[in-house]
Amino acid sequence: MAIKAVSPKTIEEAAQILRDGGLVGMPTETVYGLAANALNGEAVAKVFEAKGRPAINPLIVHVYSIDEAAKYVELNDFARAAAHKFWPGPLTMILPKVQGCKVSDLASAGLDTLAVRVPAHKVALSLLKGAAVPLAAPSANKSGSLSPTSPAHVHDSLGGKVDMILAAGASSVGLESTVLDLSGEEPVVLRPGGVTAEDLSEVLGVEVRYADGDADKPKSPGLLLKHYAPNTKVRLNAVDVDEGEALLAFGSLKFMGLKQGGFAKDLPEGRLCNLSDRGDLHEAAANLFAMLKELDKSNAKAIAVMSIPDEGIGRAINDRLRRAAES
Ligand code: AMP
Ligand code: MG
């Protein structure tokens, strides 16, 4: 396996690997994806195998344009409106497959709906055009663990299992896409992300709600699973730091103390990360997974996490943190 810096030549090499049924670590604006030709069942099977992902959990299929998406899914009026506004971008839509849809059934876990997205990353778009096939691409990490936001994360998690990693720096959004289900009676956000239900309501002209815990869970198989978890225990809404804990901070540390006395700002090297010292939620989202990984290495007894406002992309951050805290 090779990590290769992006160039027209390495993109063409990666496109060839994909056409030949191989796996490529692909940069996107959300997180790094593990890409495979979505039309090739054997290639898609390699994705499930490499990630240790349960076969009931369908993958997102990436395409480079709305017209490409229309080859595989029925774009209803809501889908067209949302696509015009948010594609390319961190919005995945679940839609009915077109008749005779050529995407491997394994990618959609046998469902008659398919998750599709157009990523807003130059390299991902060039790769999609170069490969000239839709790419099934879940996050490039072992199933259940934290998503990768850098080429090094992909290498650490899946190194031996991908044919090439295309390195293009850190992912700018840092959280997985919003998943919007448009296959039912009413639009529902199954997974919160950078595009919020409020953003979607405005564009669709109807109220878009977030999936409601148990009632909606079975709709998105992936939501049934413990996910995005570091090895270290995670303690949410911390107002101070216990002995032996590391701190994942957000905003000012002025009032953050240590239970045994002293200030959180004086925690030893490696035990403190601040998602955004100026309290910016987008910066926090972009840092979340890398900082959780870093603190996970600190041998702390737990990672205490300061509370994060539950608004805008903060809602998606809190969703990932709750899953990380699930034991
Ligand atoms: P990932 O590929 O890891 O970013 O996860 C994709 C998410 O979308 C998972 O939670 C999947 O369960 C969900 N998903 C993908 N396809 C479908 C579908 N056809 N119906 C419902 N949820 C889906
Ligand atoms: Mg994932």
Side-chain angles (χ1 to χ4, degrees), residues 30-31 90 139 141-150 153 156-157 170-178 189 191-194 196 210-211 213 222-223 225-327:
T30 58
V31 302
S139 52
N141 57 286
K142 287 275 182 200
S143 188
S145 66
L146 296 167
S147 293
T149 53
S150 73
H153 293 159
D156 291 349
S157 198
S171 299
S172 60
V173 176
L175 286 184
E176 302 81 358
S177 57
T178 301
V189 172
R191 177 171 76 186
T196 65
Y210 286 102
L223 298 182
L225 310 169
K226 181 182 164 195
H227 222 84
Y228 315 117
N231 295 314
T232 314
K233 195 176 149 239
V234 170
R235 181 169 74 84
L236 300 181
N237 300 318
V239 291
D240 53 18
V241 185
D242 208 352
E243 201 153 1
E245 280 186 336
L247 176 66
L248 184 62
F250 176 78
S252 166
L253 277 179
K254 226 194 301 184
F255 299 109
M256 211 55 194
L258 306 177
K259 265 195 185 135
Q260 74 272 27
F263 293 105
K265 65 175 173 49
D266 301 323
L267 278 164
E269 179 77 20
R271 284 285 171 101
L272 170 64
C273 287
N274 198 332
L275 289 167
S276 169
D277 42 24
R278 59 196 161 96
D280 179 286
L281 287 170
H282 288 280
E283 183 181 27
N287 283 330
L288 180 68
F289 291 135
M291 289 187 174
L292 277 171
K293 279 175 213 280
E294 188 176 330
L295 295 177
D296 201 17
K297 288 191 210 138
S298 72
N299 288 319
K301 77 167 189 200
I303 301 171
V305 185
M306 284 168 69
S307 82
I308 308 232
D310 207 35
E311 59 197 38
I313 200 170
R315 184 159 184 139
I317 298 175
N318 285 323
D319 168 77
R320 307 306 189 273
L321 283 170
R322 271 194 301 277
R323 289 163 199 278
E326 193 107 324
S327 52

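This structure is a prediction, so every number in the text was calculated from the model and none was measured.
With sequence neighbours excluded, no residue forms a salt bridge (Lys or Arg N to Asp or Glu O under 4.0 Å) with Glu311. For the side-chain contact (heavy atoms from CB on, under 4.5 Å) test, residues two or more places apart in sequence or in another chain that qualify with Ser157 are Asn141, Lys142, Ser145. Qualifying salt bridge (Lys or Arg N to Asp or Glu O under 4.0 Å) partners for Lys233, counting only residues two or more places apart in sequence or in other chains: none. Residues forming a salt bridge (Lys or Arg N to Asp or Glu O under 4.0 Å) with Asp280 (at least two apart in sequence, or on another chain): Arg278.
Heavy atoms only, all atoms of each residue included: Pro309 and Asn318 are closest at O-ND2, 3.8 Å. Nearest heavy atoms, Arg320 versus Ser177: NH2-O, 4.3 Å. Minimum heavy-atom separation, Leu275 to Leu288: CD2-CA, 3.6 Å.
You'll find the side chain of Ser276 stays beyond 4.5 Å of the side chain of Leu281, heavy atoms only.
Put simply, the side chain of Ser171 never gets that close to the backbone of Gly174: no donor and acceptor are under 3.5 Å apart. Between the Lys293 side chain and the His153 main chain, no donor and acceptor come within less than 3.5 Å of each other.
Between Asp319 and Arg323, at least one side-chain nitrogen of the basic residue sits less than 4.0 Å from a carboxylate oxygen of the acidic one, meeting the salt-bridge criterion.
One distance of note links CZ of Arg315 with OG1 of Thr178; it measures 11.0 Å at 0.5 Å rounding.
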Output a table of donor-acceptor pairs, distance under 3.5 Å, between side-chain atoms of residues 246-270 and any protein atom two or more places apart or on a different chain; print 'none' if there are none.
{"unit_1": "Ser252", "atom_1": "OG", "unit_2": "Lys254", "atom_2": "N", "d": "3.0"}

With a 3.5 Å cut-off and sequence neighbours excluded, list the donor-acceptor pairs that the side chains of residues 296-304 form with protein atoms.
{"unit_1": "Asp296", "atom_1": "OD1", "unit_2": "Asn231", "atom_2": "N", "d": "3.2"}
{"unit_1": "Asp296", "atom_1": "OD1", "unit_2": "Thr232", "atom_2": "N", "d": "2.9"}
{"unit_1": "Asp296", "atom_1": "OD1", "unit_2": "Thr232", "atom_2": "OG1", "d": "2.5"}
{"unit_1": "Asp296", "atom_1": "OD2", "unit_2": "Asn231", "atom_2": "N", "d": "3.0"}
{"unit_1": "Ser298", "atom_1": "OG", "unit_2": "Leu295", "atom_2": "O", "d": "2.7"}
{"unit_1": "Lys301", "atom_1": "NZ", "unit_2": "Asp242", "atom_2": "OD2", "d": "3.4"}
{"unit_1": "Lys301", "atom_1": "NZ", "unit_2": "Glu243", "atom_2": "O", "d": "3.2"}

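Side chains of Ser139 and Glu176: no donor on one and acceptor on the other come within 3.5 Å.
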Ile317 and Leu175: side chain to side chain contact (heavy atoms under 4.5 Å, CB included), yes or no, with the steps? CA-CA 8 Å; Ile317 298 175; Leu175 286 184; 3.9 Å; yes

Apply side chain to side chain contact (heavy atoms under 4.5 Å, CB included) to residues Asn237 and Val239 and explain how you reach the verdict. CA-CA 6 Å; Asn237 300 318; Val239 291; over 6 Å; no

